[in-house]
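For reference, the structure discussed in these notes is given below.
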Amino acid sequence: MTETLNPEQLKAIKLINGPVLVYAGAGSGKTRVLTHRVVHLIQNGVAPEKIMAVTFTNKAAAEMKTRIKGLLGKTKSKLMPHISTYHSFCGMILREDIDRLGFSKNFVIFDQNDQLGIIKQVLGTLPAPKEGSEYKPKTVLSAISIEKSNLKTLAELKKRKDTFTKLVLVPVWEKYHTHLKQSQALDFDDMLVHTVELFQKFPDVLARWQERFKYILVDEFQDTNHAQYVITKMLGHKHRNVFIVGDTDQNIYSWRGASIQNLNQFEKDFRNAKVILLEQNYRSTQTILEVANKIISNNTRRRKKRLWTKNLKGESLIHYIAFDEHDEAGYVVDEIERLCRVENFKKADIAVIFRTHAQSRVIEDFLIRRSMKYHMVDSQRFYARKEVKDILSYLRVLYNPADNSSIQRVLNTPARGIGKVTENRIFEKSRNTGKPVFELLTNKRLLTEKIQKLTAPFVQVIQRLQNEYWDQEGKSKIPVWKLIERCIALSGYAAMLQSEGTDEALTRLENIMELMSIAKEDDESVSLGAFLNKMSLNTSDDEDSDSKGDAIALMTIHSTKGLEFPVVIMVGMEEGLLPHYQTQFDEELVEEERRLAYVGVTRAKQKVYFTSTNQRSIFGDTWYNETSRFIKEAPRQYIATFINERLLENNILRTRLKEDKVSFEVRSMQATPAPSKDKGEHKVVAVNVKKGDRVIHKIWGRASVSEVRGKGPDAIIKLKVGTEERTLLAKYAPLEVVRKR
DNA sequence: CCATTAAGCCTTTTT
DNA sequence: GGCTTAATGG
């Protein structure tokens, strides 16, 4: 195993005891070092269960587990190190002992939407703010979140004198946490805060975990916040075997409270820490590295380092200036198509990455129209779907009946004749008496007979589900996926969707099926609590079933962290998007945007494309953005610029390019038409349809594919048009795919 | 109480 | 430009 590692990497792997700090540049084999180190520890007599590794995402944790398992393969050790995110690690600790802090061990975790719902409601109860000084729920929530990440307490906030803290932050904070407590819920930040609290107040708990994990490894340390740092410090303090990997140039989460100060602090708190620098890059071509280095060198606040590589020089990076976002998307799909056809890349080699989620839609449209398979990494979105949240709410209510927010969500879904008035009465009563809503609903004396009658069906659904899931001893009788099936049956949710019969309802039903299949991936023994836990902490695990195929990856720059691709296409390289317009006037924020650009470029092994547009429509308005300063910062000789021929007439643009001394080539307009809102122009793409696709049939209109038998042009396709089923042959089917499953 | 329509807010990035 | 929320009438 040693021949693939350089001396610095080996040093990092072989320092068994004592604190180590590794500054690892992009593509310097950081994951390899981490995994090999874990294996090395085990091979040198450290018990696997004494090792813990913390990663930034669930995906990264899963990846590391797989790789360690692979390396350990021969030794056949059954026990594995504990590898997870900070949040799930804290979840594990809190499930054991949080009752000592006066919380229920059955706590649920509220995600951002849950939180926003509460904040909105709380803001409504506050005295009306002065005209123009209202705060958005999101702003308030993020303020609370940052304070908690820094382990600030309510008492500390109360000492502050500014109006925002006095009039908004403190009152909202108080009411928000009352609400959480009543619902027996924690938010993400609470998980960290309470873990620290538990460690501070109960030395025996801390001691237990210090003994449990004598070796600690942390990845992406530049993106940890203060609370996470404190947890690491407390846990590692005893044995001091703390191994930290980070790169200040890849700090892209400071908006969430992450601070590279933690790296400096680590050197102070663990005085004799060995510091190792990994500067050899194994990923990218020399040209790509040159560009990345040049861009990041414009940041003032950084620890200087210079990545180098023995890799080949490679090709110039390409910058295409598109007419608008449709032309940009057209260029992207044309180029992907060419890369696959002429240069023998696979779709899975290519990533299209962007600053904001909103940019993905147009690209997706074009990919769908070309029947190009893609895989959207949209962590939150699946779980943000109404139907998925509804079902999870049902499960949460039966797991933790004190969860008022979830009850509110599904009490009248499907419709049970419980309107706003009734709902308000019940929740008002709950707030006034401090009793959980579910208790009110089950106790005859607490609510009027009329309300009891209205809500009885809901209560019955919950109780029946509880009975079907748990036996007398509290053991589960059926797997979670089965419970979901029973849930949509008993609650009438499935019936509600089926009776609607619209395409949309069908999609919703399919999303619930998707949720079931996510549950099915688990071992049958995984409990409801563990499933819900995973669902709230989880973002990744994104349809793994489907992503195995050859598909283009679409994601935000933030979610590319830790990944690499032969080809990276960065779209929307414009002032206003990258750097984002909300950061443009704050140099510190612009530096973070520059780090984002750097992270994006350094994901690439062989090829980088930048695209920008001359005009782009953003919520109805047309924006004329200049090319991103980050492209201008790159060495000109390494960027080949192409512009859309329609832009030749654009004098302003030509002047700009001249001023910047950019020479360019013209690219003629492509055959790809802008996605017309179906004006009778339907392409024959039926050859590639899959079960579950939404399509438009030239004659019958909107339909969904219920079955595909066989492959290629001769496949037999069954379509569901309204309630009717139709059969047709793929090669003659005048279909346009609207939405891929 | 619910379905349809009008208004309005939105788009940074995620555990 | 699209999706969620508020208002309105049935």
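We name chains A, B, ... by the order of the sequence lines, and we start the count at 1 in each one. Computed from heavy atoms alone, side chains included, the values below leave out hydrogens, waters and symmetry copies.
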Over 12 non-hydrogen atoms of neighbours within 6.0 angstrom of CZ in Arg416(A):
yes
Can you tell me how the ring of Phe56(A) sits relative to the ring of Tyr253(A), calling it parallel under 30°, perpendicular over 60° and tilted otherwise?
tilted
Of the options dT15(B), dT13(B), dC2(B), whose atoms approach the side-chain atoms of His87(A) most closely?
dT15(B)
The residue, Arg361(A) or Phe56(A), whose nearest nucleotide of DNA chain B is more 5′ is Arg361(A)
Hey, what's the ring geometry for Phe366(A) with His326(A), parallel, tilted or perpendicular (30° and 60° as the breaks)?
tilted
Residue Lys120(A), side-chain atoms from C-beta onward, closest of dT5(C), dT14(B), dT11(B):
dT5(C)
dC9(B) phosphate, OP1 or OP2, under 4.0 Å from Lys136(A) side-chain N/O
no
Whole-Å distance, Asp111(A) CG to dT14(B) P, equals 14 Å
Which part of the nucleic acid, if any, lies within reach of Thr583(A) when heavy atoms closer than 4.0 Å are counted: base, sugar-phosphate only, or nothing?
nothing
With the side chain defined as heavy atoms from C-beta on, Ala358(A) is closest, among dT14(B), dT11(B), dG1(C), to dT11(B)
In this structure, CD of Gln408(A) is separated from CG of Asp114(A) (nearest 0.5 Å) by 11.0 Å
Against the side chain of Thr422(A), the closest entry in dC1(B), dT14(B), dC10(B) is dC1(B)
Where the side chain of His580(A) is defined as all heavy atoms beyond and including C-beta, which of dC10(B), dT11(B), dT14(B) is the nearest nucleotide?
dT11(B)
Starting at the 5' end of DNA chain B and moving along, which residue's nearest nucleotide shows up first, Leu596(A) or Asn412(A)?
Asn412(A)
Contact class for Asn225(A) vs. all strands (heavy atom < 4.0 Å): base, sugar-phosphate, or nothing?
nothing
Only stems of 3 or more consecutive Watson-Crick or G-U pairs count here, both distances under 3.5 Å; name the ones for DNA chain B, or none.
B:1-9 with C:2-10
Mind calculating the distance between CG (Leu578(A)) and C1' (dT11(B)) to the nearest angstrom?
15 Å
Side chain of Thr85(A) only, please: which of dT11(B), dT13(B), dT15(B) is the nearest?
dT15(B)
Tell me the interatomic distance from Gln359(A), atom CD, to dG2(C), atom C1', rounded to whole angstroms.
16 Å
Salt bridge between Lys148(A) and Asp187(A), side-chain N to carboxylate O under 4.0 Å?
yes
Can you tell me how far the CD1 atom of Ile98(A) sits from the CZ atom of Arg95(A), to the nearest 0.5 Å?
8.5 Å
Rounded to whole Å, CE of Met570(A) lies from P of dT13(B) at a distance of 15 Å
Residues in contact with DNA chain B, drawn from residues 189-198 of chain A - heavy-atom cutoff 4.0 Å:
none
So which nucleotide from dG1(C), dT13(B), dT15(B) ends up closest to the side chain of Thr556(A)?
dT13(B)
State the CD1-CZ distance between Ile93(A) and Phe199(A), to the nearest 0.5 angstrom.
3.5 Å
Roughly how many Å is it from CD in Gln408(A) to C1' in dT5(C), rounded to a whole number?
15 Å
The single option from Thr611(A), Val601(A), Leu596(A), Val352(A) passing side-chain contact (heavy atoms from CB on, under 4.5 Å) against Met570(A)
Val601(A)
Among dT11(B), dT14(B), dT5(C), which nucleotide has an atom closest to any side-chain atom of Tyr253(A)?
dT14(B)
Distance (rounded to the nearest 0.5 Å) between Lys181(A) NZ and Leu186(A) CG
10.0 Å
Whole angstrom value for the distance that separates P of dT15(B) from CD1 of Ile83(A):
18 Å
Does the side chain of Ser559(A) get closer than 4.0 angstrom to OP1 or OP2 of dT14(B) through an N or O atom?
yes
Distance, rounded to the nearest Å, where Leu116(A) contributes CG and dT14(B) contributes P:
15 Å
Any salt bridge between Glu364(A) and Arg361(A), counting N to O under 4.0 Å?
no
Rounding to a whole Å, what distance do you find between Asp223(A):CG and dT13(B):P?
16 Å
Salt bridge (charged side-chain N to carboxylate O under 4.0 Å, His left out) with Arg616(A): which of Glu574(A), Glu575(A), Glu325(A)?
Glu574(A)
With a 4.0 Å cut-off on heavy atoms, is Lys138(A) in touch with a base, just the backbone sugar-phosphate, or nothing at all?
sugar-phosphate
